[in-house]
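Taking it in order: structure first as structure tokens, then the write-up.
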There are 4 protein chains.
Amino acid sequence: MAKAVDRVRRRKDILDAAVRVFARKGFAASRVEDVAAEAGIAKGSVYLYFDSRDALLAGVFESYRARSDAVLATVGEGPALERLARLVGEVVDMLATHRDHARVLLDVWASAPSLDMAAVYRQYREAISALLRQARAEGQLRPDVSEHHATLIVATIEGCLLQWLTDDRVPLTDLAAPIIELTVEGIRA
Amino acid sequence: MAKAVDRVRRRKDILDAAVRVFARKGFAASRVEDVAAEAGIAKGSVYLYFDSRDALLAGVFESYRARSDAVLATVGEGPALERLARLVGEVVDMLATHRDHARVLLDVWASAPSLDMAAVYRQYREAISALLRQARAEGQLRPDVSEHHATLIVATIEGCLLQWLTDDRVPLTDLAAPIIELTVEGIRA
Amino acid sequence: MAKAVDRVRRRKDILDAAVRVFARKGFAASRVEDVAAEAGIAKGSVYLYFDSRDALLAGVFESYRARSDAVLATVGEGPALERLARLVGEVVDMLATHRDHARVLLDVWASAPSLDMAAVYRQYREAISALLRQARAEGQLRPDVSEHHATLIVATIEGCLLQWLTDDRVPLTDLAAPIIELTVEGIRA
Amino acid sequence: MAKAVDRVRRRKDILDAAVRVFARKGFAASRVEDVAAEAGIAKGSVYLYFDSRDALLAGVFESYRARSDAVLATVGEGPALERLARLVGEVVDMLATHRDHARVLLDVWASAPSLDMAAVYRQYREAISALLRQARAEGQLRPDVSEHHATLIVATIEGCLLQWLTDDRVPLTDLAAPIIELTVEGIRA
DNA sequence: CATGAATGAGTCTTCATTCAT
DNA sequence: CATGAATGAAGACTCATTCAT
């Protein structure tokens, strides 16, 4: 039993190390040995937990998806637009809290077509669309809101993330309120 | 004379080939030989026009900047918010027209910290901020518009771009109107 | 512990292989892979012990210097001219015993300005000059011996080496006695 | 006629350029383009006069041989030992006057086994041996002079050349007299 | 399980040589 | 003859992956 737990723990340690290394130098410039060193283990040991270098990136992506799913699962109670506002706030908060993790998404976009970032966005859009439909059913939505509004909400979040990742001076956490104001409060009936 | 023209032309041909190859496989997976083959020349000939593989990516980035600058320079006349709407429309149009080029930006973000994507976004934000200030001076702006609105406009565009690049089903051109509706018309006094 | 020893040993094996290969084909025509094959290892393994192809040549030079220093350190006891004669004999003997090593010096001269052959000759000249000064103090030196005599002694040795290296028929070991006769016995008071 | 003369002249210009370039950077680090630039012509034009890069080195060697032959041919008149002294002096003078040319010999030794430096030395030794035989016939030679003395004379010259080439502080012209004193006057009966 | 030495496939890059203009 | 753009063979070097200890 302890063995299995240790194994899971060690795997997570390596993944955390990979996140730090990939965030620091980019995936393309990161060597398996760099990750091993960051994790405090030998290069060969990485292969006891991951099949390949690409599997490290996949693992990072997967752990991001897990976190992302967790956020989507906690929309809670209340009117749809309030839940939407909370969702947007929590997604932004999650990204701001895990900057390294978010940074690695740049590499997932660029280097790993097999890792389905599109599915992540699709999932966000669907969750948001569901909330928008509920808001409409609740009579809370302005009638002229575009059918593409879910895409715009995801876009605003991801676009702010992008600017924050490439430029320290862009304050992601301060942007949460304006994002909500624009994309959620701004569509209230 | 003719020589100089030919040289410029050949350089551009290689750059165009590089854009296609990088867009197709990603920069990390693209070989110099792939670019040469796409351009219909020998591997070694690439080095007559570019110092290194990285210089190809830098060249692609540079040509993107040039196009981007050209768009920013054509805001035209009229009330500030109209010019802003036109600017957003033209940026989206430019990106939609040059999908391959835009796709390569993903690699610039991820693989080339020396290529200053942050400066591109900063430039967009500044151009938009200037227009927002003018709109305010013209009394066209709702008083509660966030100081971060320029960032949000850039974010919405780039976020839509991102979703379009990763997912064919997201229709970038159809998104231009909703983007403008939300981020420009929505802030009109 | 054992590891460290093995590492030193392996490094030496590669260096020995490099000496053989460089002596056989010349440094310019020697490939890293040739050295690896001669050492019975894979190409990449060479780089575990040497930073670059040039570092192999530097390593060969360094090991020559070490051998050369060892010879200079063993002049022993007795009248200065006897020690000088012994030194000349031992240098010639060392060169004759390690023909491959000596052959590589040709490449050091020609290909590696950063490897300081001049310093080696300077060191020889200084050691010999010291002995000549002692011989003079001992009254063993003919008064008309040139101030450049140390240079001439080094020249005679190296010049014989050169002729031997380029022409098998020149018998280096047989030349030791005549060299000593001419350059050492010939200056005795 | 003029054509042929021009062709010979151009060939010589290239060879002179090659000597300068090879002396400056070593043959291994010298590019055909470097030689062309030094000669003030285009890279491709070198191939109108030389078959290959190696042929440039061969040409330099050949021109050295020609100069060397010229020196050997001018021993002049008089007692054998005087002619020998004159020969040694003129060889040293020739080398000192054409340092670049001499420097390139290092590369010939190291890089071009097909260029027969051994034959050059052999030729020197034979010329010197002939003079020593005459000196003996003239009763001018000490009876105990080694059969290897010709080799030693060549060695002294080449060894001084070597030290001068690798170390500016070694004054080759000043060494002519001591060389003659040691290797020629020192064997007079 | 952990290690890290060894491997060798994979790429970038250089540059001698060719040849169309 | 002269040019210099184009070629592509060759080789240094890297690093993901394996495996004996």
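What you see is a predicted model, and the numbers here were worked out from it, not measured in a lab. Sequence lines set the chain letters: A, B, ... in the order given, protein chains first and strands last, and positions in each chain run from 1.
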Exercise. Does Arg10(D) have a side-chain nitrogen or oxygen under 4.0 Å from the phosphate oxygens OP1 or OP2 of dC1(F)?
Worked result: no
For this session: Using the salt bridge (charged side-chain N to carboxylate O under 4.0 Å, His left out) rule, collect all pairs that involve residues 99-119 of chain A, keeping only residues at least two apart or in two chains.
Result: Arg99(A)-Asp168(A), Arg103(A)-Asp107(A)
Exercise. Which part of the nucleic acid, if any, lies within reach of Phe50(B) when heavy atoms closer than 4.0 Å are counted: base, sugar-phosphate only, or nothing?
Worked result: nothing
Exercise. In whole angstroms, how far is the C1' atom of dC12(E) from the CZ atom of Phe27(B)?
Worked result: 11 Å
Problem set entry | Pairs meeting criterion ring-ring contact (aromatic ring centres under 6.0 Å, His included) with involvement of residues 31-53 of chain C, two or more places apart | none
Problem set entry | 5' precedence on DNA chain E between Ile41(A) and Ala42(C) (nearest-nucleotide basis) | Ile41(A)
Problem set entry | Nearest-angstrom distance from the residue atom CG of Asp34(B) to P of dT11(E) | 8 Å
Problem set entry | B/S/- contact track for nucleotides 14-21 of chain F, protein heavy atom under 4.0 Å | BSSBB---
Problem set entry | Short side-chain N/O contact from Tyr49(C) to OP1 or OP2 of dA5(E), under 4.0 Å | no
Seminar exercise, completed: Nearest heavy-atom contact between Ala110(B) and Ala110(A) is CB-CB, 3.8 Å
Problem set entry | Where at least one partner belongs to residues 16-41 of chain C, residue pairs that pass ring-ring contact (aromatic ring centres under 6.0 Å, His included), sequence neighbours excluded | Phe22(C)-Phe27(C)
Exercise. For Ser45(D), which residues count as a side-chain hydrogen bond (donor to acceptor under 3.5 Å, both in side chains) partner, sequence neighbours excluded?
Worked result: none
For this session: Using atom CG of Asp13(B) as one end and atom P of dA6(F) as the other, report the distance to the nearest whole Å.
Result: 11 Å
For this session: Report the residues that fulfil side-chain hydrogen bond (donor to acceptor under 3.5 Å, both in side chains) with Ser30(B), sequence neighbours left out, ordered by chain and then residue number.
Result: none
Problem set entry | Per-nucleotide pairing state of DNA chain F [Watson-Crick or G-U, under 3.5 Å; [ ] pseudoknot-crossing; | other strand] | .||||||||||||||||||||
For this session: Can you sort out the partners of Asp54(D) under salt bridge (Lys or Arg N to Asp or Glu O under 4.0 Å), two or more places apart, ordered by chain and number?
Result: none
Exercise. Which residues satisfy the side-chain hydrogen bond (donor to acceptor under 3.5 Å, both in side chains) test with Arg20(D), sequence neighbours excluded?
Worked result: Glu38(D)
